[in-house]
Amino acid sequence: MRTRRWFQAALMLLLGLYLLETLLTGEIAFYINERFNWLAGLAGFTLLALGTLNVIALLSEPEGDESTLQGAPDLLPAARGVAHGGTARWYVLALLSLPLILGVFLPAQPLGAAAINNSGIAFSLNVSGGDQAFSIAPTQRNVLDWVRAFSSSTNIDEFGGQPADLIGFVYRDVRFDEAAEFMLTRFTVSCCVADAVAIGVIVRSEQAGGLAADSWVRVQGRFEVRDFLGQRMPILIAESIESVAMPERPYLFP
Amino acid sequence: MDFNTQLTLFSTRFLGIFIEAVSFLLLGTIVSGLIEVFVRKEDIARFMPRRPFAAIAAGSFLGFLFPVCECGVVPVTRKLYQKGLPVSVGVAFLLAAPVMNPIVFASTYAAFGFGPILIGRFAITFIMAVTVGLLFSLERSPVKLLQPRALMAMAGGSGKIAPQLDAPPLTFGQGLLRAARVATDEFFDMGRYLVMGTALAAAMQTLFSQEQIRALASDPSMSAVAMAIMAFVLSICSTTDAILALSFANFGFPTGSLLTFLTFGPMVDIKATLMYLSIFKRRLVIYLAILPLLMSLLFGIFINLNVRF
């Protein structure tokens with residue numbers, strides 16, 4: 001019982017440290033929307049505090065003292081057993097170790113092209129904020145701003161000739177002509193990766209064939225309204241494509 | 001897809017859901033700690049309407065007082081039960097609060113504006129929570145409904161107020177250590193269900209493709225079923241599910257089906273439902289999943305077939 005309580009305390013301290021570590025290294029950006037970072041920090045500190053208090057309690061209690069809720073009067077017969085045996089069982093401790101094991105021993109990696117196989121990709125996103133997107137200068141817009149602008153526009157031709165400067169990763173599926181086009185893609189995450197939605201802009205370039213899926217690129221060029229699978233849509237005609245490192249925040253936050 | 005890619009995808013999704021949910025769960029634990037300190041049993045007795053229906057309806061609006069999502073609502077409900085809240089009122093709170101709170105109102109408004117989705121989401125959630133609450137009020141004995149630990153300090157029988165405990169006074173240090181001990185046990189008790197649910201949700205997201213589900217968008221009844229499955233499998237936080245619902249709207253899902261997604265998801269998803277096991281007996285958790293499922297499908301399909309927007 002005391003061993004399990006030590007294990008419990010250690011697990012809370014380690015989970016707290018793990019949460020704070022992902023915040024400090026910025027890895028948290030692979031998992032949740034940044035507006036919840038404070039909450040993850042609060043959770044980290046809460047776990048550290050709880051773990052520390054448990055350690056203090058264990059050190060100050062005489063060995064072999066099992067009565068954890070001294071002074072609590074006898075309540076229901078059913079509750080009595082629970083009140084005196086609250087410490088988590090081994091399988092519970094093992095379960096709560098799973099996040100630590102995955103977080104520490106597997107390399108942290110954001111969602112990429114492989115994840116699109118499950119979730120599909122949206123060419124247009126019916127998100128609010130289209131008006132805001134229009135207030136941003138064209139070369140300052142990111143993939144999400146463009147997709148918003150396309151979705152809220154009533155006249156798709158207005159985008160013809162507009163310049164763009166975008167960063168994203170390369171994605172293609174059977175619908176794309178592998179040698180000449182690809183999707184410049186980003187994931188949007190509103191809360192955590194569970195709600196990730198892939199969005200993208202179609203890019204045409206003669207260099208397209210040489211770009212590996214999942215590689216991060218910066219594309220500069222101009223939009224032209226052309227046919228894609230029988231539908232007229234703005235397509236980015238690349239003037240230059242360069243390889244870049246994955247951004248620190250791989251997801252866009254709507 | 002090879003095994004390594006699958007494992008990395010699973011791990012990223014698992015950790016994403018876990019970090020987000022565990023943060024909200026701990027926030028709920030902090031709120032439940034504040035309730036422990038600041039809310040007395042007499043307060044709940046005093047402010048609770050006498051008539052069962054009024055009390056249950058009031059319970060479904062409690063979320064405006066304690067704004068919590070479906071992960072945070074579990075420790076808060078459990079604490080309120082320990083403070084003597086009637087079971088049926090707590091059920092209405094548990095089911096309604098993840099939707100009926102200011103944060104979700106704001107996010108749903110941001111995604112859909114003021115219209116059928118916003119009004120429908122709140123109205124249907126209210127009706128569903130009150131109906132299930134009323135059904136639970138048929139059983140008067142909390143002992144038959146709740147797990148022993150959620151009953152602690154609650155006098156068995158009527159679900160009315162337990163006598164105040166006359167524990168010997170503790171020093172501040174002792175009190176703090178005991179509070180930490182209770183919070184720790186609570187964290188592990190609910191944490192196990194959270195980890196199981198998160199692992200299931202992450203596995204489902206990795207193994208199954210949304211493409212097949214989306215193919216059902218055009219059928220008025222199958223699309224509602226598809227949305228209910230999505231809500232259960234994805235286990236998205238209720239504070240932001242409206243934004244994802246918007247992307248389903250893009251794939252052609254009709255309003256009624258979106259309402260199924262937006263009312264069923266916050267009440268029943270893999271991780272939250274498993275956490276209900278830390279409050280309710282297993283048989284009741286099944287009711288708590290099935291009843292909202294049937295009602296949200298009914299509403300969704302009815303709207304798809306009969307209402308034109």
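A note on names: the letters A, B, ... follow the listed sequences, proteins ahead of strands, and every chain is numbered from 1. The basis for the numbers below is simple: all heavy atoms, side chains too, and nothing from hydrogens, waters or symmetry mates.
Counting only residues at least two apart or on different chains, the salt bridge (charged side-chain N to carboxylate O under 4.0 Å, His left out) pairs with a member in residues 22-34 of chain A are A:E34-A:R249.
Per-residue heavy-atom pair counts under 4.5 Å with chain B were compared for A:L98, A:L111, A:L96, A:L106, and the maximum is reached by A:L96. Top candidate by heavy-atom pairs under 4.5 Å with chain B, chosen from A:A194, A:P99, A:C192, A:A57, is A:P99. Between chain B and the residues A:V193, A:L19, A:T22, the largest count of heavy-atom pairs under 4.5 Å involves A:V193.
Close placement of the A:F36 and B:F24 rings is indicated, their centers lying within 6.0 Å of each other.
For B:E20, there are no salt bridge (charged side-chain N to carboxylate O under 4.0 Å, His left out) partners two or more places apart in sequence or in a different chain.
Side chain of B:S23 to main chain of A:A43: no donor-acceptor pair is present (N/O by atom type, distance under 3.5 Å, no hydrogens or angles).
When heavy atoms are compared at a cutoff of 4.5 Å, B:F188 approaches chain A by way of both its backbone and its side chain. If you measure heavy-atom distances from B:L15 to chain A, the contacts under 4.5 Å come from both the backbone and the side chain. Only the side chain of B:I30 comes within less than 4.5 Å of a heavy atom in chain A; its backbone stays farther off. Within the 4.5 angstrom heavy-atom criterion, atoms from both the backbone and the side chain of B:T12 approach chain A. Contact annotation for A:L53: both backbone and side-chain heavy atoms come within less than 4.5 Å of a heavy atom of chain B. Contact annotation for A:T52: neither backbone nor side-chain heavy atoms come within less than 4.5 Å of a heavy atom of chain B. With a 4.5 Å cut-off on non-hydrogen atoms, A:L39 touches chain B through its backbone and its side chain both. In this structure, chain A has a heavy atom under 4.5 Å from the side chain of B:L27, while its backbone stays farther away. Both the backbone and the side chain of B:T184 come within contact range of chain A, judged by heavy atoms closer than 4.5 Å.
The closest side-chain heavy-atom distance from B:R13 to A:Y31 is not below 4.5 Å. Taking 4.5 Å as the limit, some side-chain heavy atom of B:F10 sits within range of a side-chain heavy atom of A:L102.
A side-chain contact (heavy atoms from CB on, under 4.5 Å) with B:F187 is found for exactly one of A:T46, A:L15, A:L11, namely A:L15.
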